[in-house]
Amino acid sequence: MPPMHMSDSTPDMMMTGPLGISTDRQGSGTSWLPEAVLMPFRHALVGRWDIMSHWNVFGQFDAQRGPRGDTQFGSINWSMVMASRPFLGGRLQLRAMNSLEAATVGRCGYPHLLQSGETCYGVPNTDRQHPHDFFMELGALYERAISRSVAWSIYLAPSGEPAAGPVAFMHRPSAMNDPMSNISHHWQDATHITFGVVTGAVYGKNWKLEASAFNGREPDEHRWDFDLGPPLSSYSGRITVNPSNRLSVSGSLAHIDGHDPTVPDESMRRGTASVLYSRALGGTSQIATAVVWGANRHEGESKWEHSTLAEANLATDARNTIFSRVEHVRKSTHDLGLDDTLGDDDYPLTAFTLGYVREVGSIGVLGFGLGARGSVTWVPESLRSTYDSRTPVGLVLFLRARPKPMTAEELAEMHERMKHAAMGM
Ligand SMILES: [Cu+2]
């Protein structure tokens with residue numbers, strides 16, 4: 001039997017919340033995914049708690065070429081646990097997401113040409129992806145139906161995601177095999193770790209309206225603690241529509257206060273829109289795609305800085321997967337840590353990634369894949385001497401461990417146990 005998540009019928013089998021919405025729809029924080037193609041996960045019942053976990057651990061050799069490139073052996077990784085149970089007439093979910101990247105890729109993160117965002121040793125981190133914080137998320141979500149078709153929820157998180165941006169890249173099925181971040185991360189989905197978030201939502205079966213108040217300051221370089229402190233002076237709103245289990249469309253607008261610790265008094269606006277489309281293609285073949293637009297407008301400026309991204313993950317069968325990403329973003333002299341003397345205010349960048357993973361076997365609940373990822377970025381003539389090329393390239397070779405998909409038998413047994421647990425309530 002094929003693993004259940006290769007099938008469009010999976011969601012009926014899963015734990016559902018208010019209005020019968022499957023937990024499979026949950027992306028980062030409170031965002032929604034199309035549930036037709038899922039991230040691999042493990043599922044367990046402990047008393048009345050329904051526990052879902054997933055993780056992605058890469059051991060990689062990362063080689064980014066040129067004078068601003070570097071090579072590194074390291075590990076990009078994250079794990080996630082969600083525990084849900086009935087509570088006060090609704091449903092309570094506790095969520096934790098952790099990463100050891102501060103130890104496994106170091107303080108300045110892994111080499112990633114043209115990436116930018118956050119700081120390392122007090123200066124803007126460039127041509128590297130910063131490590132994610134140990135507490136990528138720690139939060140509680142309470143949801144309750146008001147009527148047969150409308151429900152509300154409240155999400156409180158000392159570390160978590162406000163209602164801003166698309167589903168963050170590490171939670172998107174279209175990006176699940178790509179270890180590396182998007183270079184447009186800080187124009188689109190970088191708010192997925194904010195230290196202090198409150199989000200309220202009203203939703204129906206196919207739509208959701210959310211508003212958040214949050215601490216807009218980016219995480220600092222000390223990755224093991226909570227960077228609480230500044231008030232919840234940032235705010236955002238998001239609308240999401242899931243017309244079918246294959247499609248999720250969202251739009252958000254955020255006011256982010258003092259996000260950049262090197263320019264602490266500046267605020268900015270961020271607008272985003274996303275379309276996520278996934279479907280099973282028959283047998284064990286499936287495709288997940290995402291198209292994302294995100295733009296920042298800094299305080300006192302009239303110009304929006306736009307970015308766009310398109311990505312896809314195509315499993316041709318249970319063993320072979322191809323993934324790809326194309327992005328376009330304009331970065332400033334400040335973003336890239338360049339001298340003003342290069343002349344341009346901002347630099348249009350176009351990055352293309354192509355990768356392949358082959359599943360090579362499993363041990364217990366761990367499934368292993370071996371993969372490679374190549375990337376090329378087109379930079380303008382004014383950056384040629386800085387990167388020693390108009391087309392700097394990078395190559396990443398990796399071994400990936402993630403949950404082995406649960407089989408149809410395992411899921412059917414889980415479903416039986418859930419029914420018994422529900423009857424014994
Ligand atoms: Cu991030």
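Everything numeric in this text was worked out from a predicted model, so none of it was measured. Sequence positions, counted from 1, serve as the residue numbers for this chain.
Using a 3.5 Å distance cut-off with no hydrogens or angles, the side chains of Tyr387 and Asp127 do pair a donor with an acceptor. When only modelled atom types and interatomic distance are considered, Gln115 and His185 share no side-chain donor-acceptor pair under 3.5 Å. Glu35 and Ser22 share no side-chain donor-acceptor pair at under 3.5 Å. There is no side-chain donor-acceptor pair under 3.5 Å between Arg402 and Asn56. No side-chain N or O of Asp70 forms a donor-acceptor pair with one of Gln72 less than 3.5 Å apart. Using modelled atom types and a 3.5 Å distance limit, the side chains of Thr240 and Ser250 yield no donor-acceptor pair. In this model, a donor atom of one side chain and an acceptor atom of the other lie less than 3.5 Å apart for Glu221 and Thr119. A donor-acceptor pair shorter than 3.5 Å cannot be found between the side chains of Thr194 and Thr191. Using modelled atom types, one finds no donor on one side chain facing an acceptor on the other under 3.5 Å when comparing Thr272 with Gln188.
At most 12 non-hydrogen atoms from other residues, nucleotides or ligands lie less than 6.0 angstrom from NZ of Lys303. Within 6.0 Å of CZ on Arg42 lie more than 12 heavy atoms contributed by other residues, nucleotides or ligands. The environment of CD in Glu413 is sparse: at most 12 heavy-atom neighbours from other residues, nucleotides or ligands sit within 6.0 Å.
At least one side-chain heavy atom of Val202 sits under 4.5 Å from a side-chain heavy atom of Trp207. Annotation: side chain of His192 is in contact with side chain of Met136 (closest heavy-atom distance under 4.5 Å). In this structure the side chain of Glu359 reaches within 4.5 angstrom of the side chain of Arg400, judged on heavy atoms. Looking at heavy atoms from C-beta onward, Met52 lies out of side-chain contact with Met39 at the 4.5 angstrom threshold. Glu266 places a side-chain heavy atom less than 4.5 Å from the side chain of His298. Between Ser153 and Lys208 the shortest side-chain heavy-atom distance does not fall below 4.5 Å. A heavy-atom distance below 4.5 Å is not found between the side chains of Phe352 and Thr350. The side-chain heavy atoms of Glu143 and Ile21, taken from C-beta on, include no pair separated by under 4.5 Å.
To the nearest 0.5 Å, atom CZ of residue Phe87 and atom OH of residue Tyr142 are 7.0 Å apart. Expressed to the nearest 0.5 Å, how far CG of Leu33 lies from CG of Leu247 amounts to 12.0 Å. To the nearest 0.5 angstrom, Ser99 atom OG is 13.0 Å from Met80 atom CE. With rounding to the nearest 0.5 Å, the separation of OG in Ser233 from NE2 in His255 is 6.5 Å. Between atom CH2 of residue Trp293 and atom OG of residue Ser274 there is a gap of 11.0 Å, rounded to the nearest 0.5 Å. The CZ atom of Phe226 sits 13.0 Å away from the CG atom of Asn215 when rounded to the nearest 0.5 Å.
Between the side chain of Ser278 and the main chain of Ala36, no donor-acceptor pair closer than 3.5 Å is present. With Asn98 contributing its side chain and Phe134 its backbone, the two residues share a donor-acceptor pair below 3.5 Å. Between the side chain of Gln64 and the main chain of Leu113, a donor-acceptor pair closer than 3.5 Å is present. Side-chain atoms of Asn125 do not come within 3.5 Å of backbone N or O of Cys120 as any donor-acceptor pair.
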Requested in this report: Kindly indicate, with the supporting measurements, whether the criterion side chain to side chain contact (heavy atoms under 4.5 Å, CB included) is fulfilled by Arg330 and His306.
Outcome: CA-CA 7 Å; Arg330 301 181 81 94; His306 297 274; over 6 Å; no
Requested in this report: Might you work through the side-chain hydrogen bond (donor to acceptor under 3.5 Å, both in side chains) test for Asp133 and Ser159, ending with a clear yes or no?
Outcome: CA-CA 10 Å; Asp133 286 71; Ser159 173; over 6 Å; no
Query raised in the report: Which is it for Glu218 and His186 under the side chain to side chain contact (heavy atoms under 4.5 Å, CB included) test, yes or no, and what are the steps along the way?
Result: CA-CA 10 Å; Glu218 287 173 349; His186 285 262; 3.5 Å; yes
Requested in this report: Could you walk me through whether Asp257 and Tyr235 pass side-chain hydrogen bond (donor to acceptor under 3.5 Å, both in side chains), step by step?
Outcome: CA-CA 9 Å; Asp257 199 23; Tyr235 46 89; over 6 Å; no
**Report entry** salt bridge (charged side-chain N to carboxylate O under 4.0 Å, His left out) between Lys404 and Glu410, intermediate numbers included
**Finding:** CA-CA 12 Å; Lys404 195 174 84 175; Glu410 286 175 309; over 6 Å; no
Requested in this report: Begin from the C-alpha positions of Gln60 and Ile76 and carry the test side chain to side chain contact (heavy atoms under 4.5 Å, CB included) through to its verdict.
Outcome: CA-CA 8 Å; Gln60 77 279 354; Ile76 296 165; 3.3 Å; yes
Query raised in the report: Does the side chain to side chain contact (heavy atoms under 4.5 Å, CB included) test come out yes or no for Leu92 and Trp49, once each step is laid out?
Result: CA-CA 10 Å; Leu92 175 68; Trp49 289 96; 4.3 Å; yes
Query - Glu101 and Tyr110: CA distance, side-chain angles, deciding distance, side-chain hydrogen bond (donor to acceptor under 3.5 Å, both in side chains) verdict - result: CA-CA 9 Å; Glu101 285 173 3; Tyr110 58 83; over 6 Å; no
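Aromatic rings of Trp78 and His54 (six-membered ring for Trp) have centroids within the 6.0 Å cut-off, being under it.
The residues Arg223 and Glu118 are annotated as salt-bridged, a charged nitrogen and a carboxylate oxygen being separated by less than 4.0 angstrom. Salt bridge status for Arg238 with Glu210: present, with a side-chain N to carboxylate O gap under 4.0 Å. A salt bridge links Arg325 with Asp178; the closest basic N to acidic carboxylate O contact falls under 4.0 Å.
Summarising the geometry of Glu305 relative to Asp335, their closest heavy-atom pair is OE1-OD2, 4.5 Å, with the distance given to 0.1 Å. Taking every heavy atom of both residues into account, Ala175 and Phe169 meet most closely at CB-O, 3.4 Å. Counting all heavy atoms, side chain and backbone alike, Phe214 lies closest to Pro162 at CD2-CB, 3.5 Å. Here the closest non-hydrogen pair linking Ala280 and Val37 is N-CG2, 4.3 Å. When every heavy atom of Ala163 is checked against every heavy atom of Ser252, the shortest pair comes out as O-CB, 4.1 Å. In terms of heavy-atom proximity, Trp304 sits nearest to Arg269 at CH2-CB, 3.6 Å.
Between Phe398 and Phe58, the angle of the ring planes goes over 60°, which puts this pair in the perpendicular group of the 30/60° scheme.
With Phe323 as the aromatic partner, Arg373 does not meet the cation-pi criteria of under 6.0 angstrom to the ring centre and within 45 degrees of the ring axis.
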